[in-house]
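First up is the structure itself, then whatever we jot down about it.
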Amino acid sequence: MQLSITARGKNANVLSHLLAKNPQNKYDRTHKGARVRLVYTTFTEEEVSLCLFAEPDSIDMVQNQKNLSDITQYMNDRQFVVSSLFCSYIRSALSTALNGKPKPEWASYVAQPFQMEATFGPVATDLPDTALKQLFEPLGYQVIIQREAVSYTFTAKQKSSVRFVTISGQVPLQLLLRHIFTLIPVLDHNKHYFIDQKEIEKLRRYGEGWLDDHPLRDLIIKRTLHFSKLIREMGLTKSSKESEEKEEGQVPLNQLRYETIVHTVKSLPFHRTIVDYGAGEGKLSERLAYIEGAKEILAVEPSVHAQTLAQNRFERLRDRKNIHAQPEMVWGSLFYYDERLKGKDIMILCEVIEHLDEMRLERVFATIMGEYQPQALIVTTPNAEYNARYQLFDSYRHPDHRFEWTRAEFLNWCHQLTSCYHYEVVTTGMGENDEKYGEPTQMAVFTRRKGGEKHG
C-alpha cells in the first residue's frame with residue numbers, strides 16, 4: 001500500500017511544515033498493527049515529493065476473527081491494496097495536515113494551493129474507470145489510471161479491477177488529503193470497521209465546502225455509510241444497493257421477488273412438485289412451503305455453508321401451521337445431471353443464471369428443458385439497464401455476476417430457448433418501473449406446450 005504526493009511551485013518546501021514531518025528525520029512508526037513509513041524522495045524549495053508506505057501484519061489482521069480454523073480468512077487483498085484500512089493506518093501520520101493545524105507561523109500556508117500530484121495504489125474496486133474519473137474530475141483534477149502489464153491474453157484479464165490512480169491539480173495540501181481520505185473508501189466499498197455516526201461526522205468534516213456540490217454526492221454517501229438509517233441522517237432517503245434497505249413502506253426488492261414468484265407458482269394449475277434451483281439459504285423455499293397443494297419442494301444448492309443455513313431454516317418450519325410441504329435440502333449443481341429433478345411441475349432459478357459464464361448457459365438449459373422437462377420454468381435475472389438508477393456505471397450489481405442483460409437481450413435469449421425446446425414464454429418485470437430503464441428485475445415464465453419433446 002502506498003501514497004505518493006508531489007508539490008511544485010514557489011515555497012513548495014513548506015509542505016514539510018504543513019505535515020509536521022522534518023525531511024531530515026526518519027518517520028517509521030507502528031500504528032494499529034501496521035508499520036507506517038514516510039520518506040521524502042525530493043526536497044527543494046520549489047519541489048517536494050514524499051511517499052507513504054503501510055505494511056500491515058497479515059496474521060494480526062485475522063487473529064481476532066471468527067472461524068479461525070478456516071484458512072480462507074487469509075485469502076484476501078487487505079494487506080496489499082489501498083483501501084479504507086490503508087486510510088486508517090496513515091491518518092495519524094497525516095493528521096496535522098488533514099486538520100490544518102501546523103505551527104502558527106505556517107498557518108497561512110494551509111489554504112495556499114500548490115501544483116499537486118498524488119498517486120495511490122494498488123486499488124481494488126468494483127467501480128469502472130469512468131466512475132473513478134467522475135469522482136475526481138469535478139474537483140478539478142486530471143486523472144490517469146494505470147494497470148500493471150500482464151502476459152495473459154484471455155479477455156477476462158481485461159476486466160481486472162486492480163489499478164494505480166494518479167490525480168493532479170492546483171489545490172491546497174489539506175484539501176487534497178481530504179479528497180483522498182473521503183474518496184478512497186468509496187472506491188473500496190469494503191469497510192473493515194463498525195460503521196456508525198462517527199462516519200457521518202468524518203464525511204461532514206472532510207467534505208466541508210465540496211461534497212454538497214459534487215455531482216456524485218449521493219453515490220459517495222451511500223458507498224461510505226452503507227445503511228439506510230445513516231444515509232437518511234446525511235439527507236438521503238435511499239441506498240444504492242439494489243436489494244437491501246428501502247424507505248419505510250417500500251418492499252425490499254429481494255422480498256418482492258420472492259412474493260412475485262410465490263404468486264406466480266400459485267397461479268399455475270400445477271405446483272405439486274417444485275424445485276428451487278440455487279436455493280441459497282432457503283428463503284424462497286421457505287415461502288413455497290406455505291403454498292396449498294404443494295407436496296414436494298427440493299431446495300438444490302451446491303454450497304455446504306448455505307445448505308447448513310437453509311437446513312436450520314427448514315427445521316424451524318416443522319412446528320409451524322399451514323405448512324403444506326416440508327422443503328428438502330438437496331446437494332446439486334446446474335452442471336451435473338440429477339435423475340431426482342426430472343419431470344417436476346415447476347423449476348425455479350431465482351437470480352441464478354447471472355452467476356454462470358454465459359457460454360455455459362446453452363448446456364445448462366439443454367439439461368433443464370431437454371432432459372428434466374419441468375411443466376413450468378421460472379427464471380429471474382437483473383435488468384442491466386436499471387443499473388443506471390443505482391449509479392453503477394458499467395459495473396455489475398454483484399462482484400460474482402458474470403453478465404447482466406438488457407431487456408432486449410433477455411427477451412432474445414428467451415425466444416431462442418422457445419425456438420429450440422417445446423416451451424412458450426411470458427416475460428415481465430419486478431420492482432419500481434422507470435419510464436426509461438424499466439424494472440430492476442426481469443422474469444420469464446416458460447410453460448411446456450402439449451405434446452412433443454424437442455424441436456428446432
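Just so it is clear, the structure is predicted and the values come from calculations on it, not from any experiment.
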Where [X] and [Y] come nearest, the two heavy atoms and their spacing:
| X | Y | answer |
| --- | --- | --- |
| K344 | E296 | NZ-OE1, 2.8 Å |
| R91 | L98 | CG-CD1, 4.0 Å |
| A279 | S285 | CB-OG, 4.1 Å |
| E301 | G280 | OE1-N, 2.8 Å |
| A384 | T406 | CB-N, 4.0 Å |
| Q2 | F53 | OE1-CE2, 3.7 Å |

Ignoring hydrogens and angles, tell me if any N or O in the side chain of [X] forms a donor-acceptor pair with the backbone of [Y] under 3.5 Å.
| X | Y | result |
| --- | --- | --- |
| Q442 | G429 | no |
| R313 | E281 | yes |
| D338 | R340 | yes |
| E385 | G438 | no |
| R178 | Y206 | no |
| H422 | M369 | no |
| R163 | Q146 | no |

Nearest 0.5 Å please: distance from the [atom1] atom of [X] over to the [atom2] atom of [Y].
| X | Y | atom1 | atom2 | result |
| --- | --- | --- | --- | --- |
| E339 | L341 | CD | CG | 9.0 Å |
| E404 | N383 | CD | CG | 9.0 Å |
| N312 | M329 | CG | CE | 11.0 Å |
| D400 | L356 | CG | CG | 9.0 Å |
| L127 | L219 | CG | CG | 6.5 Å |
| L183 | H214 | CG | NE2 | 6.0 Å |

Hey, mind stepping through L175 and M116 against side chain to side chain contact (heavy atoms under 4.5 Å, CB included) and telling me if it holds?
-> CA-CA 11 Å; L175 191 55; M116 304 293 295; over 6 Å; no

Criterion side-chain contact (heavy atoms from CB on, under 4.5 Å) against I348, the qualifying member of L288, L377, V379 | L288

[X] vs [Y] side-chain heavy atoms within contact, under 4.5 Å:
| X | Y | value |
| --- | --- | --- |
| R407 | T427 | no |
| L176 | I167 | yes |
| M430 | P440 | no |
| Q375 | L268 | no |
| F403 | E409 | no |
| W405 | I353 | yes |
| R360 | L334 | no |
| T182 | T224 | no |

Test log, rule side chain to side chain contact (heavy atoms under 4.5 Å, CB included), inputs L187 and L135 = CA-CA 9 Å; L187 304 181; L135 284 169; 3.5 Å; yes

Under a 4.0 Å N-O cut-off, is there an ion pair linking [X] with [Y]?
| X | Y | value |
| --- | --- | --- |
| E201 | R204 | no |
| E286 | R320 | yes |
| E432 | R389 | yes |

If you count heavy atoms of other groups shown closer than 6.0 angstrom to [atom1] of [X], is the number above 12?
| X | atom1 | answer |
| --- | --- | --- |
| E358 | CD | yes |
| R272 | CZ | no |
| E137 | CD | yes |
| E315 | CD | yes |

Write out all pairs satisfying salt bridge (charged side-chain N to carboxylate O under 4.0 Å, His left out) with one or both partners inside residues 361-381, taking only residues at least two apart or from two chains.
-> R363-E371

Between F136 and F120, what is the ring plane arrangement, given parallel below 30°, perpendicular above 60°, and tilted in between?
-> tilted

Do T418 and E424 get their side chains close enough for a donor-acceptor pair, meaning under 3.5 Å?
-> no

Determine, step by step, whether K295 and D345 satisfy the salt bridge (charged side-chain N to carboxylate O under 4.0 Å, His left out) criterion, reporting the C-alpha distance in whole Å, the side-chain angles of both residues, the deciding distance to 0.1 Å, and the verdict.
-> CA-CA 11 Å; K295 299 300 181 184; D345 287 338; over 6 Å; no

Go through the steps for L177 and I5 under the test side chain to side chain contact (heavy atoms under 4.5 Å, CB included), then give the verdict.
-> CA-CA 10 Å; L177 293 177; I5 298 175; 3.7 Å; yes

Who pairs with Y386 by ring pair (Phe, Tyr, Trp, His ring centres under 6.0 Å), at least two apart in sequence or on another chain?
-> Y390

Residue pair T441, R257: steps toward the side chain to side chain donor-acceptor pair (under 3.5 Å) verdict = CA-CA 8 Å; T441 296; R257 277 195 292 262; 3.1 Å; yes

For T428 and T260, what are the C-alpha separation, side-chain angles and deciding distance, and is it a side chain to side chain contact (heavy atoms under 4.5 Å, CB included)?
-> CA-CA 11 Å; T428 187; T260 304; 5.7 Å; no

Pairs satisfying ring pair (Phe, Tyr, Trp, His ring centres under 6.0 Å), at least one member in residues 343-372, at least two apart | Y337-Y372, H355-H398, H355-H401, F365-W413

